[in-house]
Amino acid sequence: MSAVRSSLRAALKASNANVSARFYSSKTATLKETLAAMIPEQQERVKALKKEHGHKVIQEVTLDQVYGGMRGIKSMVWEGSVLDSEEGIRFRGLTIPDCQAQLPKAPGGEEPLPEGLFWLLLTGQVPSEQQVRDLSAEWAARADLPKFVEELIDRCPTTLHPMAQFSLAVTALEHESAFAKAYAKGINKKEYWGPTFEDSMDVIAKLPNIAGRIYRNIYKDGKVAPIDKSQDYSYNLSNILGFGENKDFVELMRLYLTIHTDHEGGNVSAHTAHLVGSALSSPMLSLSAALNGLAGPLHGLANQEVLRWIEQMRDTIGTGVSDETIKDYLWKTLNSGRVVPGYGHAVLRKTDPRYMAQREFALKHLPEDPMFKLVSQVYTIAPGVLTEHGKTKNPYPNVDAHSGVLLQYYGLKEANYYTVLFGVSRALGVLPQLIWDRALGMPLERPKSFDTTHWEKIVKKL
Ligand SMILES: CC(=O)SCCNC(=O)CCNC(=O)[C@H](O)C(C)(C)COP(=O)(O)OP(=O)(O)OC[C@H]1O[C@@H](n2cnc3c(N)ncnc32)[C@H](O)[C@@H]1OP(=O)(O)O
Ligand SMILES: O=C([O-])CC(=O)C(=O)O
């Protein structure tokens with residue numbers, strides 16, 4: 001082992017690398033080692049940027065933006081991904097097709113492993129196959145839940161929404177937080193990122209057991225399969241849900257968990273994780289807050305709403321119907337004062353590439369499924385209707401317009417559960433940023449607000 005590597009090892013041990021230490025025997029750099037090596041340079045980069053350009057004015061803000069959900073106000077730092085309104089998301093500069101081509105796959109698999117995307121989001125580097133295998137093994141090794149969290153989930157009434165159960169269980173993991181314990185002992189600010197990394201790895205590793213247990217309790221026999229330590233994250237999640245035997249479902253999970261991770265910083269779940277984390281709340285509390293935002297119907301819960309809406313459409317008008325019939329159905333939804341779920345976006349102005357990735361998966365694996373055909377037909381008709389309706393700035397489908405139809409095809413038909421899978425994936429996107437927030441010493445987030453009387457005075461003076 002080189003001198004650099006052994007001094008890194010000593011530094012990491014000092015920064016609470018309890019579980020990671022088990023993987024030091026690996027020949028390739030671990031994720032924590034890779035990250036530790038990057039932090040000083042990034043700290044210097046940000047320091048220099050602020051010193052030289054900190055005083056510059058970036059943009060003007062209008063009153064419409066203040067009253068309009070802060071759309072377009074450039075006010076956050078988010079390292080993992082940037083969203084272009086026309087092109088869609090790039091993860092550390094890579095598009096979804098780039099990720100499909102470049103990220104490591106499971107043996108015999110064709111879709112990227114979300115472990116690789118997590119590595120990419122955190123470090124900006126495409127990991128080697130060995131690094132991804134080691135990360136799968138590390139997550140599997142950390143997957144066990146504390147007994148009281150299992151009992152907490154088991155005691156939830158089956159009528160409690162799966163997202164509420166999910167958020168409860170993640171909040172309860174606070175009990176295990178290395179960051180909260182280190183803070184209570186008086187950890188130096190410079191070392192915050194170490195226990196934040198450990199907590200993030202722990203909480204992500206435990207999500208298949210939480211998500212799987214909720215599903216098995218509400219919809220099945222309550223029996224939860226053990227984690228297979230030789231398998232990847234998506235296999236284990238699929239297996240706990242009860243779909244481990246179905247290779248195509250496992251492949252779908254790999255794609256699903258990769259593409260739902262991150263969508264730059266301003267979306268409700270990412271922004272929430274960042275905001276709550278800025279108070280130095282633990283990764284567990286920050287993530288559970290993000291999940292509560294994801295559970296709203298204008299955000300992640302839209303995937304549940306889409307499947308319900310498509311099923312209601314099928315039950316009302318049937319399948320194999322004319323375009324005109326679908327058009328009428330869309331108008332009925334709009335005229336009743338509801339949104340068309342899965343369509344529109346706060347930033348995107350074209351079809352979401354995450355929708356396209358799922359559509360391509362469907363064209364390959366389930367081209368004849370009647371529900372997929374219905375979704376495809378809506379895809380050709382809804383943009384015209386929404387344009388004619390004239391309200392939405394984006395008449396095209398977003399990620400949530402497609403996910404449900406894939407899951408139902410493989411037998412995961414319980415739409416109320418769908419956002420839990422979104423939440424598992426979103427954890428892999430928001431926690432890397434929280435680690436960087438701590439490494440860069442990002443401050444408490446606290447924008448200025450005024451009441452309407454003040455705003456009236458402010459704008460009248462302009
Ligand atoms: C993972 C994700 O979070 S992706 C988004 C998932 N959510 C959905 O699919 C729900 C349906 N879509 C929507 O409600 C919206 O398009 C949102 C919430 C995603 C974005 O909201 P905004 O940025 O405010 O959209 P926009 O500026 O285009 O809205 C202007 C008007 O069009 C309406 N509109 C937007 N999308 C739709 C839609 N799909 N159907 C009907 N009306 C719509 C808005 O409700 C708003 O109406 P209002 O002026 O009466 O308040
Ligand atoms: O970007 C947004 O506002 C919503 C979204 O698509 C996501 O969070 O995945």
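Just follow the structure's listing: the first ligand is 1, and inside any ligand the first atom is 1.
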Within the 4.0 Å heavy-atom cut-off, what Asn398 brings close to ligand 1 is side chain
Closer than 4.0 Å to some heavy atom of Arg354 - which atoms of ligand 2 meet that? 5 (C), 6 (O), 7 (C), 9 (O)
Nearest option to atom 47 (O) of ligand 1, as decided by whichever heavy atom of Arg426, Lys391, His260 sits closest: Lys391
Within-shell test, Arg71 vs ligand 1, heavy atom, strictly < 4.0 Å: yes
Heavy atom to atom 10 (C) of ligand 1, shortest distance: which of Pro297, Gly293, Gly344 holds it? Pro297
Do ligand 1 and Asn394 have nitrogen or oxygen atoms that lie under 3.5 Å from each other? no
Ligand 2 versus His260: contacting region, heavy-atom distance under 4.0 Å: neither
Does ligand 2 have an atom under 4.0 Å from some heavy atom of His299? yes
Is the backbone N or O of Leu275 less than 3.5 Å from a side-chain atom of Glu445, with the two atoms forming a donor-acceptor pair by type? no
Decide yes or no on salt bridge (charged side-chain N to carboxylate O under 4.0 Å, His left out) for Glu138 and Lys32, but give the supporting numbers first. CA-CA 12 Å; Glu138 183 159 0; Lys32 196 166 187 180; over 6 Å; no
For ligand 2, which atoms, with element, lie under 4.0 Å from some heavy atom of Asn267? 1 (O), 2 (C), 3 (O), 4 (C), 8 (O)
Which of the atoms of ligand 1 are close to Ala302, meaning less than 4.0 Å from one of its heavy atoms? 6 (C), 7 (N), 8 (C), 9 (O)
Report yes or no: does Val268 have a heavy atom closer than 4.0 Å to ligand 1? no
